[in-house]
Amino acid sequence: MVKGFARLAESLDDLALDIPSAKTLFQSIVPKAISEGWLDASFTKSSCEDGEGQSKEKRLRRYKEEVVTIIHEYFLSDDIPELIRSLEDLGLPEFNPIFLKKLVTLALDRKNREKEMASVLLSALHIEIFSTEDIVNGFVMLLESAEDTALDILDASTELALFLARAVIDDVLAPLNLDEIASKLSPNCSGSETIRMARSLITARHAGERLLRCWGGGTGWAVEDAKDKIMKLLEEYESGGVVAEACRCIRDLGMPFFNHEVVKKALVMAMEKKNDRMLDLLQVCFDEGLITINQMSKGFTRVKDGLDDLALDIPNAKDKFSFYMEYAQKKGWLLTSFGSSAMEAPPIAAAS
């Protein structure tokens, strides 16, 4: 009886093409069969679980197919904002660890250029849409399958250690996260050795500089480079530079997903230098569509999260921040709800 009902349940979608009321009729038959004793009561629970399991499996299969295409396109275009948009359009954040596993696995089988691009992308994803938990779980999945990966890529263990160490140097992971990853792996597996190798790389002399160029990229970390450029363009503008030139420099960075760094540094500089002219720059950036309200909110949130530390050097930091927040809300480039929502929002995962 159970097998017969289960087979019928699996074919309901096809049946409904010829019998529109098939699902409703089936749902009315099941309780009757259970009440009369010729179908086990556990059927409703198991069929629900089976249906959910099959549905999730289908979504996962489709997700994997789509992200492979997205990653291949990224390797061709080097367009991080487009990749982030594509992931957001998929609307399946619960599969973020699987994306990380797929990204690194595909990069391992390619040249140093793609490995560097994968590391830079991880930094951007962590700043933008991935939690630290997503990154940790993704690396756990990678290390759990490391032995299989090594069958196709001989130096996979060494390369994975470099990805792990680079993630720590890039502030995508904290050193303590390596312990967390190790605790989730089975004892004496090859993944544990990879973590030990990553720790050695991190503690080696001049580790930071070497790991930033571990894929032979020569240019180092794109996000770190962007931070330096942002600081320089803001310093130039603050000392009497032209707003149009500052906007051009921000546009030339080509990293719109990272513009909350511009907002953060501009607000802090305004406090330190007592120069509210920085607000004029943010106003123009918003008017020209350079910095979105979302990026403004992230920038303000990052400053708000660091106000206690800022107040040690700038005693009136909290008062200035309140003034900047009200000013931005009045001008329309910060949501009026920011004050209340920011109190509950988690800190943005980015290095200061």
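- Leu281 and Val242 fall into different hydrophobic clusters, where Ile, Leu, Val, Met, Phe, Trp and Tyr side chains are chained together by heavy-atom contacts under 4.5 Å.
- Partner Glu180 forms a side-chain contact (heavy atoms from CB on, under 4.5 Å) with one of Leu173, Asn137, Val136 and no other, that one being Val136.
- The shortest distance between side-chain heavy atoms of Leu143 and Leu164 falls below 4.5 Å.
- Contact annotation: the side chain of Leu282 approaches that of Leu267 to within less than 4.5 Å [non-hydrogen atoms, C-beta and beyond].
- Partners of Glu193 by salt bridge (Lys or Arg N to Asp or Glu O under 4.0 Å), not counting sequence neighbours, listed by chain and number: Arg196.
- Judged by distance alone, with hydrogens and angles left aside, the side-chain atoms of Glu114 form a donor-acceptor pair with the main-chain N or O of Lys111 at under 3.5 Å.
- For Glu144, the side-chain contact (heavy atoms from CB on, under 4.5 Å) criterion is met by Val140, Leu185, not counting sequence neighbours.
- Shown here are the salt bridge (Lys or Arg N to Asp or Glu O under 4.0 Å) partners of Glu94, two or more places apart in sequence or in another chain: Arg59.
- Partners of Lys318 by salt bridge (Lys or Arg N to Asp or Glu O under 4.0 Å), not counting sequence neighbours, listed by chain and number: Asp308.
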Output side-chain donor-acceptor pairs under 3.5 Å for residues 98-109, partner residues at least two apart or in another chain, one line each.
from, atom 1, to, atom 2, distance (Å)
Thr105, OG1, Lys101, O, 2.6

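- Within 6.0 Å of NZ on Lys184 lie more than 12 heavy atoms contributed by other residues, nucleotides or ligands.
- Side-chain atoms of Thr292 come within 3.5 Å of backbone atoms of Gln295 as a donor-acceptor pair (strictly under, hydrogens ignored).
- Atoms CG and CD, on Leu334 and Glu326 in that order, are 11.0 Å from each other to the nearest 0.5 Å.
- Qualifying side-chain contact (heavy atoms from CB on, under 4.5 Å) partners for Thr158, counting only residues two or more places apart in sequence or in other chains: Met197.
- Note on residues 28-37: no pairs pass salt bridge (charged side-chain N to carboxylate O under 4.0 Å, His left out), not counting sequence neighbours.
- Side-chain contact check for Met269 versus Lys274: every heavy-atom pair is 4.5 Å or farther apart.
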What donor-acceptor contacts under 3.5 angstrom involve side-chain atoms of residues 78-93, with partners at least two apart or in another chain?
from, atom 1, to, atom 2, distance (Å)
Asp79, OD1, Glu82, N, 3.1
Glu82, OE1, Arg85, NE, 3.4
Glu82, OE1, Arg85, NH2, 2.9
Ser86, OG, Glu82, O, 3.0

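- Listed by chain and number, the residues in a salt bridge (Lys or Arg N to Asp or Glu O under 4.0 Å) with Arg251 are Glu288 (sequence neighbours excluded).
- Tyr327 meets the side-chain contact (heavy atoms from CB on, under 4.5 Å) test with Leu279, Asp280, Lys331, Trp333; sequence neighbours excluded.
- Counting only residues at least two apart or in different chains, salt bridge (charged side-chain N to carboxylate O under 4.0 Å, His left out) contacts with residues 237-246 comprise Glu245-Arg248.
- Grouping the Ile, Leu, Val, Met, Phe, Trp and Tyr side chains by contacts below 4.5 angstrom, directly or via other members, places Ile29 with Met1.
- Not a single donor-acceptor pair under 3.5 Å links the side chain of Ser21 to the backbone N or O of Thr24.
- The shortest distance between side-chain heavy atoms of Leu122 and Asp170 does not fall below 4.5 Å.
- Side-chain atoms of Ser28 come within 3.5 Å of backbone N or O of Leu25 as a donor-acceptor pair.
- A side-chain contact (heavy atoms from CB on, under 4.5 Å) with Phe321 is found for exactly one of Leu310, Val268, Leu307, namely Leu307.
- Distance alone, capped at 3.5 Å, is enough to place a donor-acceptor pair between the Tyr74 side chain and the Met117 backbone.
- Taking Tyr237 as the reference, nothing meets the ring-ring contact (aromatic ring centres under 6.0 Å, His included) condition, with sequence neighbours excluded.
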Would Glu261 and Lys229 count as a salt bridge (charged side-chain N to carboxylate O under 4.0 Å, His left out) if you check the C-alpha gap in whole Å, the side-chain angles of each, and the deciding distance to 0.1 Å? CA-CA 11 Å; Glu261 180 76 8; Lys229 289 179 178 176; over 6 Å; no
